[in-house]
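Worksheet for the structure shown next.
The figures here come from the full heavy-atom set of this structure, side chains too, leaving out hydrogens, waters and symmetry mates.
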Amino acid sequence: MRIIAFMKILIVNGQNHKGNTWNIGSRLVEKISCPKEITEFFLPKDLKEFCTGCCACLKDAAKCPYWDKKQPFFKAMDEADLIILTSPNYCMMPSAAMKSFLDLFFTNWMSHKPLESMFSKKAVVICTAAGSGAAKSAKLIGGNLANWGIPQITTFGINVNAFNWEQTPPKKQAKILKFVNKTARILSKEKPARVTLKTKFLFWMFGGMQKANFGAAPEEKEYWQNKGWLSGVKPWKK
């Protein structure tokens, strides 16, 4: 197996404390067998704001009232080879902090102004719950990343029936470690992310909407035109 020479990893944790969800994400990063540079954020500590729906970002990302606080995230997203999002499951949903994070970066969706770099990235979503709903939460977050254009997304949701790693039943711990080891082996391989038919279809569909002037703002169509995407250029082909 050829190992990746170097990997930049971005971790965004949907909680401030280092509980079960953070623990799994950290174990995964530790197991990835290549030199790596890690950028890690904790929510809401590193981004407390909520989207106000002003839509200023549709015209220009820098016009968002929280641009200064979002900019470090944009930079880390753009540079990362692997994006890991972790969130506990609260009331059958991702944490409010994680949902707010996704809201604040909604222009990353292909229906708006997707980042070209997203189409070559890999992502992992990890969710845990003391009771039930973890898999559903992971799927919801993963769905957002798919709409960002990220082609290879692994989601893992597990109901641990515990509030910390020490209380987690041995069978649950074994299942978690099996996921960590398997996923780390896959991510460590020197193999680029492959753009799926689903990603290509969404890109084509939203490109058609922009051509037909069905975007949310004229600046979106201009963005697509400047990228050459409305003239046949594909972001995953460099």
Side-chain angles (χ1 to χ4, degrees), residues 7 9-34 36 38-51 73 76-77 80 82-106 121-148 150-189 198:
M7 180 185 292
I9 301 173
L10 167 63
I11 311 172
V12 180
N13 300 292
Q15 71 287 319
N16 288 332
H17 66 278
K18 296 181 178 180
N20 259 323
T21 322
W22 174 87
N23 195 295
I24 299 172
S26 296
R27 287 171 183 267
L28 173 61
V29 170
E30 183 181 344
K31 285 287 185 178
I32 295 174
S33 56
C34 68
K36 44 195 175 271
I38 302 165
T39 301
E40 187 168 21
F41 294 105
F42 290 86
L43 305 172
K45 179 174 69 71
D46 295 320
L47 190 62
K48 300 180 176 68
E49 286 67 29
F50 289 88
C51 177
F73 287 83
M77 286 177 195
L82 171 65
I83 296 175
I84 299 175
L85 301 187
T86 77
S87 176
N89 180 78
Y90 294 153
C91 301
M92 304 295 287
M93 298 287 285
S95 70
M98 178 56 69
K99 178 60 170 63
S100 178
F101 165 79
L102 295 172
D103 289 346
L104 285 167
F105 291 93
F106 81 93
K121 298 187 186 301
K122 300 177 183 179
V124 178
V125 179
I126 298 169
C127 290
T128 66
S132 61
K136 177 184 175 182
S137 291
K139 186 177 180 180
L140 286 169
I141 297 171
N144 272 264
L145 297 185
N147 277 283
W148 285 13
I150 298 178
Q152 183 176 324
I153 304 167
T154 301
T155 62
F156 180 69
I158 184 168
N159 305 321
V160 293
N161 308 123
F163 290 106
N164 55 52
W165 180 256
E166 290 71 26
Q167 295 176 357
T168 302
K171 286 186 177 180
K172 297 285 186 179
Q173 288 189 8
K175 185 175 181 180
I176 289 168
L177 294 177
K178 182 179 180 181
F179 160 77
V180 166
N181 292 331
K182 179 181 178 181
T183 306
R185 283 196 302 271
I186 294 171
L187 293 172
S188 298
K189 294 179 181 178
K198 177 182 177 181

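Side-chain contact annotation: Asn181 with Arg185, donor-acceptor N/O pair under 3.5 Å absent.
Counting all heavy atoms, side chain and backbone alike, Ala146 lies closest to Lys198 at CB-NZ, 4.3 Å. The minimum heavy-atom distance between Ala97 and Gly14, with the atom names listed, is CB-O, 4.1 Å. When all heavy atoms of Ala76 and Leu10 are compared, the closest pair comes out as CB-CD1, 3.8 Å. Taking each heavy atom of Ile126 and Thr21 in turn, the nearest pair found is O-CG2, 3.4 Å. Between Asn89 and Ser132, the closest heavy-atom pair is ND2-O, 3.0 Å. The two residues Met98 and Val12 come nearest to each other via the heavy atoms CE-O, 3.7 Å.
Here CD of Glu49 is found 13.0 Å from CG of Asp103. Values are rounded to the nearest 0.5 Å. Atom CG of Asn20 and atom CG of Asn164 lie 6.5 Å apart (nearest 0.5 Å). Summarising the geometry, atom CD belonging to Gln15 is positioned 8.0 Å from atom CG belonging to Leu43; distances are rounded to the nearest 0.5 Å. The CD1 atom of Ile141 sits 11.5 Å away from the CD1 atom of Ile153 when rounded to the nearest 0.5 Å. For the atom pair CE (Met77) and OG1 (Thr39), the distance works out to 12.0 Å, reported to the nearest 0.5 Å. Distance check: Leu104 CG to Lys99 NZ gives 9.5 Å after rounding to the nearest 0.5 Å.
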TODO: Evaluate the side chain to side chain contact (heavy atoms under 4.5 Å, CB included) criterion for residues Ser188 and Cys34: first the C-alpha distance (whole Å), next the side-chain angles of each, then the deciding distance (0.1 Å), finally the verdict.
DONE: CA-CA 7 Å; Ser188 298; Cys34 68; 5.5 Å; no
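The aromatic rings of Phe73 and Phe41 sit parallel to each other, their planes meeting at less than 30°, with 60° as the upper class boundary.
The shortest distance between side-chain heavy atoms of Ile32 and Ile9 falls below 4.5 Å. Contact of the Ile186 side chain with the Thr154 side chain is not registered, since no non-hydrogen atoms from C-beta on lie closer than 4.5 Å. No side-chain heavy atom of Phe179 sits less than 4.5 Å from a side-chain heavy atom of Arg27.
Residue Lys36 qualifies as enclosed at atom NZ: its count of foreign heavy atoms under 6.0 Å is above 12. Heavy-atom neighbours of Glu30 CD from other residues, nucleotides or ligands within 6.0 Å: at or below the threshold of 12.
Side chain of Asn16 to backbone of Lys45: a donor-acceptor contact under 3.5 angstrom is found. Panel note: side chain Ser95, backbone Ser87; no donor-acceptor pair is recorded below 3.5 Å.
With sequence neighbours left out, the side-chain contact (heavy atoms from CB on, under 4.5 Å) criterion links Ile158 to Ile24, Thr128, Phe156, Val160, Lys172, Lys175, Ile176.
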